[in-house]
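Reviewing the structure listed below.
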Amino acid sequence: MTHSLHRSGTLESLKGDYVWFMYQAKGINDTNIKEKAEEFIAAAELVGSENWGDVKTGPIVSYPKEYIKQNIGNKSRLRGVFTSRKQVTEFLSIIKQKNLGTSVVISGLLDEVLSACKEAGVTPHTINYSLGIWGKKELLPDDDILSITTMCGHHMISPNLVKKLVQDVKKGRITPEKAAWKLATFCPCGIFNQVRAEKLIDELKNKS
Amino acid sequence: MTVINQEKCTGCGTCVPYCPLGAISVVSKKAVIDQTICPNCYVCVRNKVCPFDAIEKQEIDTFIGQFQHIISDPVETTEQTGVPGRGTEESKTNDVTGRVKKGEVGICIDMGRPGIGCRLRDVEKVAMAVTSAGLKLEGEDTTPLAMLMEDNSKGKIKEEYLDTNVLSIIIEGKCPMETFPEIIKALQKVEKEIDTVFSLGVMVRVDENGYSPILEQMEQLGLPKPYRGKINVGLGRPLITE
């Protein structure tokens, strides 16, 4: 999957959006995953991961953390979001020290993540570069909506739902924070950044 | 498949905005799902968006129907790859699998993304274009799309599947770095021939500073410099250094 690779938005907005992943490879290092996953979760929580989850159970915005932890198995995939480069650096430093042996991937602005790697003393191995959207781009919703919907890379969040919630915010029926949280519950992986979404919705409410 | 129980439906329209592909509408005061668009991603079912519980799942009894659901719903796992969701590995475990080595380029073409969906007919057009240009597609062990192929080496999908709509599906493969310009030229041509979008990812091994000569190739091809990416930070063990 490349569901965190193609997030859109302004550079300024993307500076508050990083996705972390723990990955095991089938037949290579896919044993004792629960134990390792708990170490990852502890590190992510220590530095303040705003959302995280296991696609097999769901995200913390929908389920109690203990419930998600209890259900972790060898096919679980742990992932979550950070809102600053500082968090990425601290997370990588901790995970490097733990030496758990599973693959770690960070998705975000290249300059920011590469700097975080350097600061944490880890060496990049492989990069998957996003070369953007191709094809019949006139079918796409506008950039403001895409900035929000692409935070669930599996596209479980409908552009029409975002538009509806923005209208609800404008009418005072819901706060930007609650609208962002609601959207986050539709992303089963836990990589939707509701903190960034709240800011984007707040900006959108003032647009005509 | 996903259907609306017409007896329970009140025609309130609450469900309409939740469908990622806009397959739900209200006709004659009842909600209906356009089955030619619905990819069976189960967003509406899983999130219980109907206040009257009128959205229901019906058993899917065809291979392509089940495939469509599994590939469109990230909660599901594809049996062949063992990976949840759309089921490819790309860069995420490359530090321990060494699937893409130094001097090679991994290509990930996310058909239908972001959020437009795609017919397999368009997937075939793109897959055939890139294989003709020298991309070797991943097989059934690493990507679900291979299960639909009549000829994976040519990107040819079985005729009976071509009208199927999916939320997205990934064409994944690799080639030597010197073939990369040909792949890009093929994509620049075929992007004008499809009725959907795709998001393009290009995966390479990098040096300790995060550099790869692919960046120079991209510049020579007139591609915008990438500013976002997914970085495998090399903490997997045993580490592949090739």
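Just so we're on the same page: letters track the sequence lines, and every chain starts at 1. Remember, predicted model here, so these are calculated numbers, not experimental data. Heavy-atom basis, side chains included; hydrogens, waters and symmetry copies ignored.
At a heavy-atom separation below 4.5 angstrom, chain B is approached by A:Cys117, A:Val122, A:Thr123, A:Pro124 within residues 115-124 of chain A.
Taking B:Asp122 as the reference, B:Met111, B:Lys125, B:Ile194, B:Asp195, B:Thr196 meet the side-chain contact (heavy atoms from CB on, under 4.5 Å) condition, with sequence neighbours excluded. By the side-chain contact (heavy atoms from CB on, under 4.5 Å) test, A:Asn71 is found to be paired with A:Thr57, A:Tyr67, residues two or more places apart in sequence or in another chain being considered. Remark: A:Ser49 pairs with A:Trp20, A:Ala44, A:Trp52, A:Phe82 by the side-chain contact (heavy atoms from CB on, under 4.5 Å) rule, at least two apart or across chains.
Contact annotation: the side chain of B:Asn47 never approaches that of A:Met156 to less than 4.5 Å [non-hydrogen atoms, C-beta and beyond]. Residues B:Val43 and A:Ser158 have side chains not in contact (no heavy-atom distance under 4.5 Å, counting atoms from C-beta outward). A heavy-atom distance below 4.5 Å is not found between the side chains of A:Leu5 and B:Ser199. Residues B:Ile116 and A:Leu140 have side chains in contact (heavy-atom distance under 4.5 Å, counting atoms from C-beta outward).
Of the atoms belonging to A:Lys164, it is side-chain heavy atoms, and not backbone ones, that fall under 4.5 Å from chain B. Proximity to chain A (any heavy atom under 4.5 Å) is shown, for B:Gln188, by both the backbone and the side chain. Proximity to chain A involves both the backbone and the side chain of B:Asp95, based on heavy atoms less than 4.5 angstrom apart.
Residue A:Tyr129 comes nearest to B:Pro226 through the heavy atom pair CD2-CG, 3.6 Å, listed as atom of the first residue, atom of the second, then distance.
Atom CG of A:Asn29 sits about 8.0 Å away from atom OG1 of B:Thr93, to the nearest 0.5 Å.
A donor-acceptor pair under 3.5 Å is absent between the side-chain atoms of B:Lys230 and the main chain of A:Ile106, judged by distance alone.
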